[in-house]
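See structure below.
Here is how names work: the chains are called A, B, and so on, in the same order as the sequence lines, proteins then strands, and each is numbered from 1. Heavy-atom basis, side chains included; hydrogens, waters and symmetry copies ignored.
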Amino acid sequence: MDVLGHFEKHVRERLSKELVLLGYEGDLIMERPDHEMADFALPCFQFAKQLRKAPQVIAKELCSELTPDELISKVWEDRGYLNFRVNETMLGMMVVRDALDRHEDFGRGDARQGRVLLEHTSVNPTGPIHVGRARNPLIGDTLARCLRMCGHDVSTEYYVNDVGKQVVLLTWALAHLKESDVPVADRQKDDHRLVGYYQVANRMMESTPEVAADIAHMTQRFEAGDPEVISQVRKTVDMMLEGIRQSLSDINVTLDRYTYESQYILDGSARKVVDDLKASSYAEVDDGGYFLNLEEFGVHGRDTRFFFTRKDGTTLYTTRDLAYHMDKFGRADQLINILGEDQKLGQKQLASALKILGKDEAPECVFYSFVSLPEGRMSTRKGVVVYLDDLLDEAIERAFAEVCTRRPDLDDEHKRQIAREIGVGAVRYNIIRVQAEKQLIFKWEEALNFEGNSAPFVQYAHARCCSILRKTADYNREADLSVLSDPYERKLIWILAQFPEVVRQAGDKRRINMLPTYGHELASALNQFYGTVPVLRSEHQDARLCLVEAVRWALRNTLMTMGIAAPEEM
RNA sequence: GGGCGGGUGGCCUAGUCUGGAUAUGGCGGCAGCCUCCUAAGCUGCAGGCCGGGGGUUCGAAUCCCCCCCCGCCCGCCA
């Protein structure tokens, strides 16, 4: 158990014992008030009814029984609250020691049972990733890192949509359009080069019936299993996917596995899903197309009919997705999907269908709202987009300019390295820091924010720690930490001590936005300490160096779980 | 029409699950701080009927009901 958790458990145990003596049975709720107020607080209103006493009286009675001990330095009553101050010296010694002993494992939870399969990104390979969709890989990758930090065994997966009209259309475009037919791409990466073909072909399909018929014919050949078309489509998808993979890699996102949708047609598992569903009592037919009646699964109105075959008997996207989920359940104990909010109904229907197929668990979903532009929604098809690659380039370029003015002493390669780490960090941080359900409007000046609540702020605090540590050849890591009693030191220790708990909660609650919030808070406390309390050449130099190194590990580990580099100088 | 999610100072945002003591921070604004460990920093000031209305409660940003605004979804598409 983490150090602060140990303190809290101790307080709870002592409280429970006293409450039993007072005649109270039941749970007790403790709070973490503002640090200036107290460390732990017990609102005694919760006991008033059962004990038939005023909260103030209960608090006073508890207060007189709960004498300070090794872990608790102060207990006092205040308007019905019983407040606690922990023994800050003890907390400081224990938590700094923990960080200095465990380094990159500081904050890491004990190994947990079961394999987690986290599906994220899974964007259609029809164009480069735009910032509207970038929320998906960033939430997914950060959650994966966070869950691993919590002690889970996590593997990540991208479901590649290589079946259907969209990819056939793109394939058709590559075969029938000349380079001169499409606008010149801004960059030579295949995803950017190819998206122009996709956009032009979409317009042609809408305006000229012959093209639409041609593409429809190609789609039929594809679905009939024509090996030539299938291999052509696969080739196109792989080109596009390589570009997407590169973009993901540029923002520190790598996936453990790419699973192609076509696999489930080829291996017959989609067909098996159709057969199994047809055999169920929920299956009905309308004009040759089979659907499930989901009335009793709480899916009402027009959404009740959940089709799983076309009238010609071929499978649908949803059918393949069912086969994919059956496959995933065979490979993991727990499924998590990161999805856009437009997938909610589909996931509900999918969960019902899985139940019909005999699975009693449903995948857990994290939904996010879309990022839009001030002008409205982004669309790859219409070309109304800001691509992730462009945002990233801009961020890195601005960071580079900033590094050049601040650190002219560094060589060019080093400056570029730091600029990359800052640019990537800023982009990741700004998307991750807001709650997933909140709708975002993309604004360049916000996405490129390098001050205040931003990645560079946290990275800078880390670099400051490194800078101090770098200036001392060596120091006594066994120094007496009980001298750390300055208010800024105590505040810093208190926030440092929250780290393991923050990681745990961010993972368990799937609320990764707690990580940037915490990172900012810790960095801010470090900056305040830095500005007020001298470390080098001070009377408590070694103890303070221990604290700085402990904070450095916490900052580094916070940044790492967000997929953001922790530069040693900037 | 139905379903789901958001609404917190000028702008953005934490907290809502698990109700508690003066609602978290940032941006922007104003005023200060670099002979001292990197000023991507620090300090101070101004700015809030937590969308509106009812209810539950000793106590509501948080729970319940109604309403308003914004987003998303409601294809034999993917």
Side-chain angles (χ1 to χ4, degrees), chain A residues 27 29 31 33-34 36-38 41 43-46 48-49 54-55 78-81 83 124 126 161 163-167 261 286-291 298-305 307-314 316-318 320-321 340-346 348 367-370 372 377 399 402-403 406-407 422 426 433-441 443 445-446 449-461 463-472 509 511 513-514 516-517 520-521 523-524 526-528 530-538 544 548 569-570:
Chain A
D27 295 336
I29 293 161
E31 297 175 3
D34 278 356
E36 285 73 47
M37 205 136 57
C44 294
F45 311 95
Q46 55 185 320
K49 208 169 210 169
D78 182 14
R79 288 164 291 171
Y81 287 84
N83 288 334
N124 282 353
T126 50
N161 195 323
V163 177
K165 199 171 15 175
Q166 301 304 303
V167 286
E261 184 181 342
D286 180 19
D287 189 25
Y290 280 83
F291 65 89
V299 185
H300 301 294
R302 287 178 269 182
D303 307 331
T304 305
R305 285 149 71 105
F307 278 89
F308 60 95
T309 75
R310 293 197 182 89
K311 66 177 164 193
D312 64 6
T314 55
L316 291 158
Y317 171 81
T318 43
R320 273 110 53 187
D321 205 18
E341 58 179 339
D342 54 341
Q343 305 292 316
K344 279 186 189 174
L345 174 60
K348 192 174 178 186
F367 295 104
Y368 62 91
S369 296
F370 290 115
S372 58
R377 196 173 169 171
E402 197 65 31
V403 175
R406 288 162 191 278
R407 300 299 305 273
I422 291 169
R433 57 175 246 269
V434 243
Q435 228 180 8
E437 314 80 66
K438 223 143 191 163
Q439 57 206 37
L440 282 181
I441 295 170
K443 298 195 182 99
E445 64 273 23
E446 281 172 19
N449 175 32
F450 289 179
E451 285 164 9
N453 192 3
S454 69
F457 182 93
V458 184
Q459 291 173 311
Y460 188 68
R464 275 182 153 174
C465 293
C466 293
S467 172
I468 293 174
L469 264 7
R470 198 163 41 233
K471 288 190 162 60
T472 35
K509 296 178 176 175
R511 300 289 288 274
N513 64 308
M514 290 177 75
T517 301
H520 181 260
E521 202 181 346
S524 185
L526 185 274
N527 283 333
Q528 287 165 28
Y530 182 93
T532 321
V533 183
V535 177
L536 268 18
R537 295 174 296 281
S538 72
R544 286 176 184 163
V548 167
E569 53 184 322
M570 56 189 277

Review point. Which of these nucleotides, B/C12, B/G5, B/G26, is closest to any side-chain atom of A/Lys344?
Key: B/G5
Review point. Got a sec: does the CG of A/Asp27 have more than 12 other heavy atoms crowding it under 6.0 Å?
Key: no
Review point. Is A/Met37 touching bases, backbone alone, or none of the nucleic acid, heavy atoms closer than 4.0 Å?
Key: base
Exercise for review: Classify the nucleic acid contact of A/Lys509 as base, sugar-phosphate or nothing, counting any heavy atom under 4.0 Å across all strands shown.
Suggested key: base
Review point. Checking all strands, does A/Asp312 fall into the base, sugar-phosphate, or nothing category for heavy-atom contacts under 4.0 angstrom?
Key: nothing
Check your understanding: Looking only at atom C1', what distance separates B/G47 and B/G25, rounded to whole Å?
Key -> 15 Å
Review point. Is A/Ala41 touching bases, backbone alone, or none of the nucleic acid, heavy atoms closer than 4.0 Å?
Key: base
Review point. How would you label the contact of A/Val434 with the nucleic acid (heavy atoms, under 4.0 Å): base, sugar-phosphate, or nothing?
Key: sugar-phosphate
Practice item. Give one of base, sugar-phosphate or nothing for A/Arg511, where a contact means two heavy atoms less than 4.0 Å apart. Key: sugar-phosphate
**Study point:** For the student: nearest non-hydrogen atoms of A/Phe457 and A/Ala523, plus distance
**Key:** CE2-CB, 3.5 Å
Review point. Any idea which of B/C4, B/A78, B/U38 is nearest the A/Asn124 side chain?
Key: B/A78
Practice item. Answer with base, sugar-phosphate or nothing: what part of the nucleic acid does A/Gln46 contact at a heavy-atom distance below 4.0 Å? Key: base
Exercise for review: Using a heavy-atom cut-off of under 4.0 Å over every strand shown, decide if A/Phe457 touches base, sugar-phosphate, or nothing.
Suggested key: sugar-phosphate
Practice item. Mind checking A/Phe291 for me? I need base, sugar-phosphate or nothing, with any heavy atom below 4.0 Å counting as a touch. Key: nothing
Exercise for review: May I ask you to say what A/Ala48 touches in the nucleic acid, namely base, sugar-phosphate or nothing, with a heavy-atom cut-off under 4.0 Å?
Suggested key: nothing
**Study point:** Sugar-phosphate, base or nothing in reach of A/Val403, heavy atoms under 4.0 Å
**Key:** base
Practice item. Taking the side chain as every heavy atom from C-beta outward, state whether A/Arg310 and A/Leu316 have any pair of such atoms under 4.5 Å apart. Key: yes
Review point. Under 3.5 Å, is there an N or O donor on one side and an acceptor on the other linking the side chain of A/Asn83 and the base of B/A21?
Key: yes
Review point. Base, sugar-phosphate, or nothing: which does A/Glu569 touch, judged by heavy atoms less than 4.0 Å apart?
Key: base
Exercise for review: Identify whether any heavy atom of A/Lys471 sits under 4.0 Å from a base atom; if not, whether one sits that close to sugar-phosphate; answer base, sugar-phosphate or nothing.
Suggested key: sugar-phosphate
Review point. So what does A/Val548 touch, heavy atoms closer than 4.0 Å: a base, only the sugar-phosphate, or nothing?
Key: nothing
Point to revise | B/C27: syn or anti, per glycosidic angle within 90° of 0 | key: anti
